[in-house]
Q: 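Okay, handing you the structure first.
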Amino acid sequence: VYFEYAPIYTNYSYTLEDVENVDTYTDLLKWNDFLGEKGRLMLWTYETNFHHFLYQFNNFATFREQLATYAENNVDYIFSQGASLTNQPCFQEMRLFVESQLMWDINKNYAELVNEFMYAFYKDAAPEMLEYYNLIKMRYEQMEILYGHEFSTIYSDIGSKQIWTPCVVNAISGIFERAYAKIEHYKTEDPAMYTKLYERMKEVEITLMYTKLSFYHGDYSQETINQLVDDFNYYTSKFGILVVRENGATLQGMFDAYKK
């Protein structure tokens with residue numbers, strides 16, 4: 001007998017055993033006990049924020065631990081739902097690699113898998129992309145400590161100006177500038193590799209473009225804004241990043257009014 005369990009209100013920045021997930025964990029134990037030795041659980045879990053498709057979903061630190069707890073409680077099938085009608089600029093390729101590796105071998109280390117992926121996927125720019133990844137994780141942790149809010153459910157307000165302050169945005173901008181500089185030598189040595197790496201980073205940078213245009217478009221020159229809008233329209237279309245949230249407005253042309 002299989003039963004599908006979909007704990008929609010899980011907080012993904014905590015383990016299942018943590019008090020923040022007491023309802024999810026208690027229900028898991030009850031269903032496991034109810035099904036008995038012959039029953040198995042199928043899990044429907046989540047890996048995106050449905051109100052903010054363009055911002056990172058913060059399950060990085062707990063995915064492995066939650067997976068292990070589910071496995072210990074007779075879960076042997078997992079469906080992890082992301083955004084179904086759009087791609088996302090949120091390290092999706094990395095998530096696929098790391099999470100699939102852990103589903104085959106729960107004893108692997110999440111951080112080591114992230115490191116392996118970054119160096120294979122971004123090559124010379126891997127240190128900077130790791131810096132960006134770690135900055136995002138650190139920022140969510142800071143906000144939880146400073147304000148007591150949670151930022152790791154599927155409906156948390158992770159697209160807030162309170163999180164993505166000018167200081168944070170400028171730090172991220174600097175990271176991307178250094179990342180692009182790291183791959184500059186490929187322009188002459190291996191143009192195809194340069195294009196591949198450049199576009200991989202541009203896809204992830206869409207979050208930064210969106211943040212600048214949403215919150216800080218008045219802080220940049222008109223020339224910079226025009227370029228940002230053009231880049232945003234081009235790369236969201238190129239990578240199939242279509243909407244800002246579930247049942248939300250289309251991204252194409254969202255910021256065209258800022259151009260002059």
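Bear in mind the structure is a predicted one, so any value in this text is a computation, not a measurement.
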Q: Could you tell me which residues satisfy salt bridge (Lys or Arg N to Asp or Glu O under 4.0 Å) with E246, sequence neighbours excluded, listed by chain and number?
A: none
Q: Are Y55 and W164, when compared by the centres of their aromatic rings, separated by less than 6.0 Å?
A: yes
Q: Could you tell me whether F121 and F97 have their ring centroids closer than 6.0 angstrom?
A: no
Q: Got a sec, which residues hit side chain to side chain contact (heavy atoms under 4.5 Å, CB included) with D157, two or more places apart in sequence or on another chain?
A: H52, S160
Q: Report the residues that fulfil side chain to side chain contact (heavy atoms under 4.5 Å, CB included) with N73, sequence neighbours left out, ordered by chain and then residue number.
A: L28, L29, N32, T69
Q: Not counting sequence neighbours, which residues clear side chain to side chain donor-acceptor pair (under 3.5 Å) with K108? List them please.
A: Q101
Q: Nearest 0.5 Å please: distance from the CZ atom of F255 over to the OG1 atom of T236.
A: 9.5 Å
Q: Side chain to side chain donor-acceptor pair (under 3.5 Å) with N109: which residues, sequence neighbours excluded?
A: none
Q: Residues two or more places apart in sequence or in another chain: which of them pass salt bridge (Lys or Arg N to Asp or Glu O under 4.0 Å) with E184?
A: K187
Q: Please state whether the rings of W44 and Y46 are parallel, tilted or perpendicular, taking 30° and 60° as the class boundaries.
A: tilted
Q: Run the side chain to side chain donor-acceptor pair (under 3.5 Å) test against Y186 and tell me which residues pass, sequence neighbours left out.
A: D124
Q: Classify the ring geometry of F91 against Y122: parallel below 30°, tilted from 30° to 60°, perpendicular beyond 60°.
A: perpendicular
Q: Applying salt bridge (charged side-chain N to carboxylate O under 4.0 Å, His left out), which residue pairs with at least one partner in residues 69-80 are found, sequence neighbours left out?
A: R40-D76
Q: So, using side chain to side chain donor-acceptor pair (under 3.5 Å) as the criterion, who are the partners of Q227 when residues are at least two apart?
A: D231
Q: Taking side chain to side chain contact (heavy atoms under 4.5 Å, CB included) as the test, write out the residues that go with N115, two or more places apart.
A: Y119, L130
Q: Using the side-chain contact (heavy atoms from CB on, under 4.5 Å) definition, which of the options F3, Y77, Y5, F79 pairs with M42?
A: Y77
Q: Just to verify, what does S13 make a side chain to side chain contact (heavy atoms under 4.5 Å, CB included) with, not counting sequence neighbours?
A: N11, N58, E144, S152
Q: Less than 4.0 Å between a side-chain N and a carboxylate O, is that true for D230 and K259?
A: yes
Q: Identify, with sequence neighbours excluded, every residue that meets ring pair (Phe, Tyr, Trp, His ring centres under 6.0 Å) alongside Y180.
A: Y198
